[in-house]
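Take a look at the structure set out below.
Chain naming here is simple, since letters A, B, ... match the order of the sequence lines and numbering starts at 1 in each. Only a predicted model underlies this, so the values are computations on that prediction, with no experimental measurement involved.
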Amino acid sequence: MPSHTPQTAPVADPAGLHAAVLDWFAQHARDLPWRDPDCPPWGVLVSEIMLQQTPVVRVLPRWRAWMERWPTPADLAAAPTADVLTAWDRLGYPRRALRLQEAARAVVERHGGGVPADPVALRALPGVGEYTAAAVSSFAFGIPETVVDTNVRRVFARAVGGTALPPKALTRAEMRLAGALMPADPDDANRWNAAVMELGALVCTARSPACERCPLLERCAWVAAGSPAPQIAPKGQAWAGTDRQVRGAVMAALRADGRLPPDAVRERAAAVGRLGAHAPTDEQWERCVAGLVRDGLAVADDDGALRFP
DNA sequence: AATACGGGGAG
DNA sequence: CTCCCAGTATT
């Protein structure tokens, strides 16, 4: 064995682990529309982009409306970008909406309008990273790629690693472990991907895990170690007064009004965006508006009015 | 390896 | 009021 090949301590009973999680999933899986066997790969791709950093409950209504309005990549590719940004509503990170439309156009141009199954081709689409490429391959096409999201990382960190939380950034060791734990049978492997994610979302949650309902309670390394608290308290992300809040306020005003004359931008953003007491300085306003324009989320007309592209 | 990037609901 | 959510792109 080459010394540069990193080793992963084998799990005691992988077959038992697989059976426990897959059985639990068969009983407790949520009935999500993008899991319907009739859901097209396009629907899976849309769901995965929307679900990047946004909880399922908030995505559900937006996804349904989106799929009804733009049932195929070609439909979204042909839509006015302003409509796309408006329909994105308050899902957050609106650049994802931009990337999704760019991805739809790439699908039309490079793949004849059909979402590709190959993870490499998927990874080349705008807004599609390592996770999303694997997820679409596995969930939409039954290709057993190793899917590792924040839920999977947490479940394995606890059940196998014995720690309360995974490292800050995804490590090679985590990917290696996740790959080693994939069931050999392709169908099992694809269900396993969804099942571990679901376990992390419903039972092995970040804040207060429901260990009494966990199918892995008897074999969880973290529980065996006495469920030790996290080593380091995560640093909370700032919000009030940040550029992100101001940018979000401008986007909310654009969704509401469609077009903002230069003398009305700040007032409307403060009102619609609910900035409250956090009145931005002139400098911050300029920086945020310029940033939105640079990102392609807004354009400035000759008279200085702001609108969607 | 760090940082930027939304928004809302639960604890 | 803090934390967290089916991450990605850029520096």
Lys/Arg N to Asp/Glu carboxylate O, Arg266(A) vs Asp282(A), below 4.0 Å: yes
Length of the CD-P vector between Glu174(A) and dG7(C), whole Å: 13 Å
Donor-acceptor pair (no angle test) under 3.5 Å: Ser208(A) side chain, dG11(B) base: no
Gap in Å between the two P atoms, one belonging to dT3(B) and one to dA6(C), rounded: 24 Å
Among dA9(C), dC5(B), dA6(C), the nucleotide that comes nearest once only the side chain of Leu32(A) is considered: dA6(C)
Whole-angstrom distance between dT10(C) and dG7(B), as gauged at atom C1': 22 Å
Within the 6.0 Å centroid threshold, strictly below: Trp66(A) and Trp88(A): yes
Sugar-phosphate, base or nothing in reach of Trp88(A), heavy atoms under 4.0 Å: nothing
For atom OH of Tyr131(A) and atom P of dG7(C), their distance in whole Å: 6 Å
Closest-nucleotide ordering on DNA chain B, the 5'-leading residue of Arg58(A) and Asp295(A): Asp295(A)
Protein-nucleotide distance (Gln53(A), atom CD; dG8(B), atom P), rounded to Å: 16 Å
N/O (side chain, Arg274(A)) to phosphate O (OP1/OP2, dG8(B)) under 4.0 Å: yes
Sugar-phosphate only, base, or nothing, as touched by Val128(A) at under 4.0 Å among non-hydrogen atoms: sugar-phosphate
Rounded distance (Å) that lies between atom P of dA9(C) and atom CD of Gln52(A): 8 Å
Closest to side chain of Arg154(A), choosing from dA6(C), dG6(B), dC5(C): dC5(C)
Any donor-acceptor N/O pair under 3.5 Å between dC5(B) base and Arg95(A) side chain: no
Atom-to-atom span, OH of Tyr93(A) to P of dC5(B) - whole angstrom: 9 Å
Phosphate-side-chain proximity, Arg62(A) and dG6(B), N/O vs OP1/OP2 below 4.0 Å: no
For atom CZ of Arg123(A) and atom P of dA9(C), their distance in whole Å: 5 Å
Short N-O contact, Arg247(A) and Asp295(A), less than 4.0 angstrom: yes
Shortest side-chain distance from Arg90(A), nucleotide among dA6(C), dG7(B), dC5(B): dG7(B)
Arg207(A) side-chain proximity, nearest of dT2(C), dG7(B), dC5(B): dT2(C)
Glu212(A) atom CD, over 12 foreign heavy atoms within 6.0 Å: yes
Between C1' of dG7(B) and CZ of Arg96(A), the distance in whole Å: 10 Å
Protein-nucleotide distance (Arg244(A), atom CZ; dA9(C), atom C1'), rounded to Å: 14 Å
